[in-house]
2 protein chains.
Amino acid sequence: MPTDPSIRLDALETLDAIDRHGSFAAAAAALYRVPSAVSYTISQLESELGVAVFDRSGHRAVLTPAGRLLLDEGRRILTATQELGSAVRRLADRWEPQLRVAIDATMPPSAFWPLVASFTARHPRIDLVLREEVLAGSWEALIEDRVELAVGVTEPPAHEGIRRAPLGTLSFVFCCAPGHPLAAAQTPIDDETIRAHRALVVADSARHFNERSGNLLDGQPRLTVSGMRTKIEAIERGLGVGYCPAGWVAEAVAAGRLVELETVRTPEPRPTWVLWRRGDRGRALIWLIDALTESARAN
Amino acid sequence: MPTDPSIRLDALETLDAIDRHGSFAAAAAALYRVPSAVSYTISQLESELGVAVFDRSGHRAVLTPAGRLLLDEGRRILTATQELGSAVRRLADRWEPQLRVAIDATMPPSAFWPLVASFTARHPRIDLVLREEVLAGSWEALIEDRVELAVGVTEPPAHEGIRRAPLGTLSFVFCCAPGHPLAAAQTPIDDETIRAHRALVVADSARHFNERSGNLLDGQPRLTVSGMRTKIEAIERGLGVGYCPAGWVAEAVAAGRLVELETVRTPEPRPTWVLWRRGDRGRALIWLIDALTESARAN
DNA sequence: CAGTTTCGTTCAAATTATTTGATCGACTAT
DNA sequence: ATAGTCGATCAAATAATTTGAACGAAACTG
């Protein structure tokens, strides 16, 4: 039972014009219409609604309380409709209304935030949704259509329908707090020495497949946290040790809040990637991929 | 420059019908219209928008991404419009869309919450906004048009344009924590004895005129808090003493968390009132006043 | 106070917009 | 193959809106 709309947008436009110009006549002039046409539109609206929108008992018509409600809320509807119109037009022009991005927890914040700033400055109408993901999380979010772009993924599995571009390199630094026992140990530190201390681990944010594991040495006690920021804070507080992305800890090491230690089995620097699904990329996605890989090439 | 609306609601209705019934033809049948009329509406929409809403390259028309966005967001606009229509009709029928109520902090919660529950059950479409106010706060909120109703006010000043109905009586009980020194004092306690201990005071929530004061004894150290609940918790924790509305402390006294003490100058029970502005009362307001005063008469 | 302007309504006529119904070509399912 | 369904198109019919002229009521104007 599709209720036919008792309120029509052009009636709301007319109502708005009457309010803004002060009278039916002035509204008519502003709308390039004759006053009787405005009268007609409003009385049409009133009879469909079954409600008096104007009180005509005096000389000039004045809004009733119901009319005031209709006007105030109607204006929201009008702007929402115009917004929708332009969002649809932009989408047809391949500018997506929203872009969802998974950012791998290893991505140093300093590398990504400036890009976010210039994105939002350049594309103010596009909603940007950022999710921090860990290990397989970004990959899964991309595969499962929860994001359009995954940034900073290492060693992505080959997969039909996923494209990628190189972003940069991720190197790890083994860290502990200055007061931690390992800070005084003989370097390079071997696995067995490390294994005696609690390791800080960032939990994989993948919901379904947890096939990957981090830099873990078996039998080592763990403290698992849910984000890189928390992991580093925990290490700073001496709660454990671990390999951290170089970009995340450079400042803390320079400030003396963390100590960088050479280890026997230092992990190789790994290439990181930007990933997206094959198929029609919107312009905002293209812009972001370009900006990411360009800043990568510049380095 | 009133942009004429490129999107019309009946086009959105048609779009919705096509999506729900699966084809132009089925939508036409559902709308009691001929298929070509549906075609006409949609191509009208598309040409005004300058965007293809359907992809007609295959046998059946299928929504483009832009069309999908238009449909999804358009549905919101449709329901918002219908809601607006019925809100306007209800308002014309004197059912206000929103009712704002100031509740004096002395009102025992047990007296008011059941009423709120039955209000929301009976009037699900009416937004109820409750604000707790202290001393002159309710009065001021009413005078300044920030609420339609003030509940539980004591000794309202006479004022042109404010109506009232009796609600009940408010009696005060002097309380302290079981471990507080006053708990062991000789009763009835006189003012001088009280004055040696910190008084808990609820801050007046009036913004402009603070003409009223509570049950204060001069020279007494105070601890001022911003709500009755906080005041009572503070007394329970032994942070001070004070007169409290009987309805607020009965349970704590019964449970032994508070001690009720007889004092020399026990305040008289005061009548409390329900207040509203003279003039057109909406039906929800009338309902609430009736319910409040009826439950008052029952006691 | 009379004259003038502005207000908003009403009505028939003119103009526009939508709906109909018939027809068509393309594709599906039997 | 052969209905049957889908959606587009077009002229004609119908419906809705806009116009323009006329009107009464109220508010200015001098």
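Chain letters run A, B, ... following the sequence lines, proteins first and then strands; every chain starts at 1.
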Notebook entry, point to check: Hey, does A:Y40 reach any base, or is it just sugar-phosphate, or nothing, if we go heavy atoms under 4.0 Å?
Noted result: base
Next item on the list: Round to the nearest Å and state the distance from B:E13 atom CD to C:dT19 atom C1'.
Entry: 17 Å
Next item on the list: Measure the distance from CD1 on B:I42 to C1' on C:dT18 and round it to the nearest whole Å.
Entry: 14 Å
Note to self: So if I take residues 57-68 of chain B and measure heavy-atom distances to DNA chain C, which residues fall below 4.0 Å?
What the structure shows: B:H59
Next item on the list: Compare every heavy atom of A:S6 with every heavy atom of A:L49, then report the nearest pair and how far apart it is.
Entry: CD1-OG, 4.0 Å
Next item on the list: Round to the nearest Å and state the distance from A:H21 atom NE2 to C:dT6 atom C1'.
Entry: 17 Å
Next item on the list: Looking only at side-chain atoms of B:R33, point me to the closest of C:dT20, D:dA21, D:dT17.
Entry: C:dT20
Notebook entry, point to check: So what does A:A37 hit on the nucleic acid, given a heavy-atom distance under 4.0 Å: a base, only sugar-phosphate, or nothing?
Noted result: base
Note to self: Side chain of B:R8, heavy atoms from C-beta onward: which of C:dG21, C:dC7, C:dT18 has the nearest atom to it?
What the structure shows: C:dT18
Checklist line | For atom CG of A:D55 and atom P of C:dC7, their distance in whole Å | finding: 18 Å
Check: Roughly how far, to the nearest 0.5 Å, is the CD1 atom of B:I126 from the CZ atom of B:R283?
Finding: 10.5 Å
Notebook entry, point to check: Reckon A:S39 touches a base, only the sugar-phosphate, or nothing at all at heavy-atom distances under 4.0 Å?
Noted result: base
Item checked: Whole-Å gap separating C1' (D:dA16) and CD (A:Q44) -> 8 Å
Next item on the list: Find the distance B:L31:CG to C:dT20:P and express it as a whole number of Å.
Entry: 10 Å
Checklist line | Non-neighbouring partners of B:W287 that pass ring-ring contact (aromatic ring centres under 6.0 Å, His included), sequence neighbours left out | finding: B:F119, B:H123
Check: For the pair made of OH in B:Y32 and P in D:dA15, what is the distance, rounded to whole Å?
Finding: 19 Å
Item checked: No-hydrogen, no-angle side-chain donor-acceptor test under 3.5 Å, B:R125 and B:S86 -> yes
Next item on the list: Could you go through the salt bridge (Lys or Arg N to Asp or Glu O under 4.0 Å) check for A:R60 and A:D55 one step at a time?
Entry: CA-CA 8 Å; A:R60 307 171 61 94; A:D55 173 7; over 6 Å; no
Check: Can you name the nearest heavy-atom pair linking B:A206 to B:A136, along with the distance?
Finding: CB-CB, 3.7 Å
Check: Between atom CZ in A:F54 and atom P in C:dG8, what is the gap in whole Å?
Finding: 8 Å
Item checked: Nearest listed nucleotide, side chain of B:S36, among C:dT20, C:dT10, D:dT19 -> C:dT20
Notebook entry, point to check: Base, sugar-phosphate, or nothing: which does A:T41 touch, judged by heavy atoms less than 4.0 Å apart?
Noted result: sugar-phosphate
Margin query: Here's one to test your reading of the geometry: is the NZ or CZ of B:R164 within 45 degrees of the ring axis of B:W273 and under 6.0 Å from its centre?
Written below: yes
